[in-house]
Amino acid sequence: MTPALVRAAQRGDTMAMNDLLAELTPYLGRICGPIALDSGPDAVQEALIAIFRHLRDLREPEALHGWARAIAVREAVRIARRDGRSSPAELDGLPSPRDVERAVDIRDVLERLPPEHRAVLVLRDLEGVPEEAAARMLRVPSGTVKSRLHRARANFRRAWQG
Amino acid sequence: MSWPVADLDPVRRLRALAAAIPGAHVAERVIPAPFATVWAVAGDLEEEFGTFEPDMRRLTIDSARPDGRLVARARSRYGMRARFDVDLRPGWCWMQSRFLLVGLAATAVPEGTLVAQTGGVRVPGRAALVPWGVRAAGDRALARLAARVAGRSA
C-alpha cells in the first residue's frame, strides 16, 4: 500500500478505491474471521463500508492499516453480538489435544468465548497490539483487556491440556 | 493451528465499494446457470459487454497487464468515445472513465450465479454518480445479461 494510493482514493478515484478494497479485504478477513466467526463475511462487508465512507477523515495515509483494524474489530464485535451466536465461556466438551494438533479446533475454543474476548485475543495475540492501544480500540479500561486476555488464554490452555 | 479467516465474495465487495459512492445503486439478480457460463458472457468485454451494459456499444482493449488491469476504448450508443481503466478478474469487473463508472460482480450460489451491477454517469471529479435512472438501468442490464446467458445455454 502506498500513501499515494490512499490519497487518490480520498480524492474520489474509484480505481484507487478498487485497489484499496483488493488490498484491505484479505487483511480484514483475518481480523473479522476469528471475532465474528460465521458472521465474518457480514463483518468484513460492514467494516469496508465504514472504512470507505470515512476514508476522507483519515489524515495520515500511512496509518491506514491500524485505522482500518480498529474499525474492523468494532464492526466484528457488533455483528457477532447482533447475530447472537456468542455463548458464555463454558468449557464443557472442549476438544482434545489431538484435535488441537489437527488445527481444526481453534474455532471451537473461540466459539466458547464472548466476541469481546475474541477481539482481545485477535488484537494482542494475532496482531501484537500493546495492551493500552487495544484498550483504547475496544473502548474499555486497560485492566479489562488484561483480564479478558487472561481468561481467553486460560480457556485455550485448558483446551490444549484436555 | 490456524485461525478462522472470513472470505468476502465479489458481490459483497461490490456492495461495499458502491456504498462509498453517493448516487450508486446495486442491482442484483440470480441467473440460473453455473458461474463459468455466466462469467464467460459477463466478463467478455469486447464481444458481450456492449450487448447488456447501457450506453456501451463497442469496447476495445488497448493494453492488458497480467494482473488483470486493462485500458479499453469504448464507444457509446450516441457515438461518444471514452478511455476506460479496467480491473478485470474472475467474478469482478470495475471500470472507470472520466464520465462513466461500471462495476459488475458474480458469485456462485446454490440456485446458480448471483450477479450484481452498479454504475452510471460520474459527478465530475468525485466518487459520486448522477443518481437519475441508475436503478432502472442496472435492472435492465442484468435482465439483458440473463437473456444473453440463456441464449448461450440454449
Side-chain angles (χ1 to χ4, degrees), chain A residues 8-22 24-56 72 76 79 100-111 118 121-122 125-126 156 160, chain B residues 1-24 26 65 67-72 83-105 107 109 116 118-129:
Chain A
Q10 287 177 319
R11 284 196 304 269
D13 176 352
T14 75
M15 293 312 290
M17 290 164 69
N18 170 76
D19 291 348
L20 217 49
L21 178 85
L24 282 177
T25 302
Y27 177 60
L28 300 181
R30 290 195 294 275
I31 302 288
C32 293
I35 302 175
L37 299 175
D38 284 346
S39 303
D42 272 359
V44 177
Q45 183 178 315
E46 291 302 312
L48 282 167
I49 288 172
I51 287 164
F52 278 109
R53 282 196 174 149
H54 296 103
L55 195 60
R56 281 167 186 261
I79 296 288
V100 177
E101 284 162 20
R102 286 178 190 155
V104 291
D105 61 349
I106 190 166
R107 195 190 161 85
D108 260 15
V109 181
L110 289 169
E111 275 175 357
R118 294 181 218 144
L121 266 184
V122 166
D125 285 0
L126 253 189
F156 267 86
W160 288 327
Chain B
M1 196 162 57
S2 59
W3 294 72
V5 175
D7 191 26
L8 205 65
D9 68 58
V11 170
R12 283 175 172 275
R13 275 195 277 140
L14 191 77
R15 290 180 195 146
L17 197 46
I21 300 171
V26 178
R65 293 198 320 231
D67 62 359
R69 187 53 64 86
L70 318 171
V71 174
R83 174 193 179 278
F84 275 92
D85 287 315
V86 186
D87 183 25
L88 181 68
R89 284 171 281 159
W92 183 259
C93 178
W94 187 263
M95 46 197 286
Q96 168 186 280
S97 76
R98 249 182 98 193
F99 301 109
L100 290 175
L101 192 64
V102 181
L104 194 64
T107 191
V109 291
T118 193
V121 178
R122 292 181 73 188
V123 176
R126 286 183 50 202
L129 296 179

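Throughout, a chain's letter reflects where its sequence line sits, starting with A, and its residues are numbered from 1.
For A:A22, the part sitting under 4.5 Å from any heavy atom of chain B is the side chain, from C-beta outward, and nothing else. Within the 4.5 angstrom heavy-atom criterion, no atom of B:V123 approaches chain A. Neither the backbone nor the side chain of A:I51 comes within less than 4.5 Å of any heavy atom in chain B. With a 4.5 angstrom heavy-atom cutoff, B:D7 touches chain A only via backbone atoms.
Interatomic distance, CH2 of B:W94 versus CG of A:D19, reported as 11.5 Å (0.5 Å rounding). One finds the CG atom of A:N18 at 12.0 Å from the CE atom of B:M95 (value rounded to the nearest 0.5 Å). Atoms CG and CG, from A:D13 and B:D85 in turn, are 8.0 Å apart once rounded to the nearest 0.5 Å. Atom CH2 of B:W3 sits about 5.5 Å away from atom CG of A:D125, to the nearest 0.5 Å.
With chain B as partner, the option from A:R30, A:R53, A:M15 having the largest number of non-hydrogen pairs under 4.5 angstrom is A:M15. Interface summary for chain A: among B:R122, B:R15, B:R69, the most heavy-atom pairs under 4.5 angstrom belong to B:R69. Counting heavy-atom pairs closer than 4.5 Å to chain A, the top residue among B:A18, B:G103, B:A20 is B:A20.
Contact detail for A:T14 and B:A127: the closest heavy-atom pair is CG2-CB, 4.0 Å. Between B:P4 and A:P34, the closest heavy-atom pair is O-CD, 3.3 Å.
Across A:T25, A:V44, A:D42, a single residue satisfies side chain to side chain contact (heavy atoms under 4.5 Å, CB included) together with B:R12, and that is A:D42.
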>> For a side chain to side chain contact (heavy atoms under 4.5 Å, CB included) check, start with the C-alpha distance between B:L8 and A:L28, then their side-chain angles and the critical distance, and finish with the verdict.
In response: CA-CA 10 Å; B:L8 205 65; A:L28 300 181; over 6 Å; no
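Between A:P41 and B:D9, the closest side-chain pair of non-hydrogen atoms is not below 4.5 Å.
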